[in-house]
Amino acid sequence: DEEKVETIMTHQMRTLETLQKQFNPTVGSIMDLLLDHSRQVEWKCVVEKQEQSVFQAWNVFGSKQQFQRISENLINICLDYTQKTGVQWVEYNLTELKIEAIVYQWCNNILFNNSTLLDALVQAQLLSATQANMKFQIKGFIVRELVETHDTKQTNVLNKAFVYQEYHVADDNGVVSQVHRDDSDITLHLCLGQTFDGGCLSFTFDTKTPSLRVPHQVGCMHIFRGDMLHHIEYINSGVRVNLVLFISFV
């Protein structure tokens, strides 16, 4: 039986690799990400603490209409990938979705073309003055949490043909619920959608209990140092989709 299961899994993996290579996303619908939206970005520091400040930013895709269009198209790319590969959507890497280059350019525009925000990040010691002028790399994921009932321990799955999580950023519910640090210099959390109730980004400073709980709001992005202790709280109902970017300077 074990040999039979291993044979089936090997076949599934080979089939998945073939489908991944054939996947060709319609990236034209998100080309607006290449535009420089930095002048439209609004931001504030929600907690100011040496090397542990947390920033919120809005209008990161431009206008509200642009955000709605781009976020919907990013979600549709993930749904198309699910349909093409038969893989359950929990976390999709930007590389496998083949949109990493576009998101990288957007990230560069938002963080480094906005001198006011960049200066504030340096002043708050989220970035050093040297890092502000360095090249960087990104790793990114689009993570979906799906809960159809108020039982947050229950995993509810759509399109569950084959569960495949190479990176294990999130658990089976699409949430990183354990307190952790990211392997990044800076982390960006952007809530793309959709409709949900509850759920927060929680930070722990000096104690083992959360010191700051920031509700996820569609269209809002959080910026913080990757080495800050944090975790994601479960939503109570609905569907939450987040774009998570890990920025490392080289």
Side-chain angles (χ1 to χ4, degrees), residues 16 19-43 55-114 117 135-146 158-159 164-167 169-170 174 184 186-196 201 216-223 238-248:
L16 175 60
L19 292 173
Q20 286 175 326
K21 291 177 181 179
Q22 294 175 350
F23 181 67
N24 185 23
T26 306
V27 297
S29 59
I30 59 170
M31 290 299 287
D32 279 356
L33 283 178
L34 296 178
L35 301 176
D36 185 358
H37 301 300
S38 60
R39 295 183 180 179
Q40 295 175 274
V41 174
E42 298 180 16
W43 58 270
F55 283 73
Q56 287 181 330
W58 299 267
N59 300 335
V60 294
F61 289 169
S63 67
K64 290 183 179 179
Q65 292 76 16
Q66 285 176 306
F67 180 88
Q68 182 176 359
R69 183 175 68 254
I70 293 173
S71 61
E72 286 179 354
N73 288 330
L74 285 169
I75 290 170
N76 285 336
I77 286 175
C78 294
L79 293 174
D80 289 345
Y81 186 80
T82 293
Q83 185 175 17
K84 181 69 176 181
T85 63
V87 176
Q88 172 192 336
W89 177 13
V90 177
E91 57 188 43
Y92 285 158
N93 184 282
L94 298 182
T95 302
E96 62 186 328
L97 294 174
K98 300 178 182 178
I99 59 174
E100 187 176 52
I102 294 177
V103 175
Y104 176 92
Q105 183 59 55
W106 165 77
C107 183
N108 183 63
N109 287 338
I110 291 299
L111 285 186
F112 299 100
N113 283 357
N114 188 322
L117 175 58
K135 294 182 179 180
F136 66 94
Q137 297 174 339
I138 67 167
K139 292 182 180 179
F141 302 84
I142 299 180
V143 184
R144 179 177 70 166
E145 178 188 2
L146 170 66
L158 291 178
N159 306 315
Y164 168 74
Q165 287 179 257
E166 178 178 355
Y167 301 96
V169 172
S184 65
I186 296 292
T187 297
L188 307 184
H189 264 255
L190 173 60
C191 187
L192 296 176
Q194 295 174 291
T195 301
F196 56 89
L201 177 60
H216 272 138
Q217 300 175 357
V218 176
C220 180
M221 182 172 75
H222 297 96
I223 309 169
V239 182
R240 174 173 59 184
V241 179
N242 286 341
L243 170 64
V244 183
L245 296 180
F246 306 120
I247 300 174
S248 300

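Given the structure is predicted, the values throughout are model-derived calculations rather than measurements.
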Test side-chain contact (heavy atoms from CB on, under 4.5 Å) applied to Ile99 and Ile30, step by step: CA-CA 9 Å; Ile99 59 174; Ile30 59 170; 3.9 Å; yes

Which heavy atom of [X] sits nearest a heavy atom of [Y], and at what distance?
X	Y	answer
Ser184	Ser248	CA-OG, 3.9 Å
Trp89	Ile142	NE1-O, 3.2 Å
Trp106	Leu33	CB-O, 3.5 Å
Asp32	His37	O-NE2, 2.8 Å
Asn242	His189	ND2-ND1, 4.3 Å
Lys139	Glu100	CA-OE2, 4.5 Å

Is the backbone of [Y] close enough, under 3.5 Å, to the side chain of [X] for a donor and an acceptor to pair up by distance?
X	Y	value
Ser63	Asn59	no
Lys84	Gln22	no
Gln105	Ile102	no
Asn114	Ser38	yes
Thr26	Gly28	no

Residues in side-chain contact (heavy atoms from CB on, under 4.5 Å) contact with Ser29, at least two apart in sequence or another chain: Asn73

Between CZ on residue Arg240 and CG on residue Leu192, distance to nearest 0.5 Å: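 CG of Leu192 is found 12.0 Å from CZ of Arg240.
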
Candidate pair Tyr81 and Tyr92, rule ring pair (Phe, Tyr, Trp, His ring centres under 6.0 Å), full reasoning: CA-CA 9 Å; Tyr81 186 80; Tyr92 285 158; 4.8 Å; yes

From CA spacing to verdict: side-chain contact (heavy atoms from CB on, under 4.5 Å), Phe246, Leu188: CA-CA 7 Å; Phe246 306 120; Leu188 307 184; over 6 Å; no

Whether Phe136 and Tyr104 hold their rings parallel, tilted or perpendicular, with breakpoints at 30° and 60°: parallel

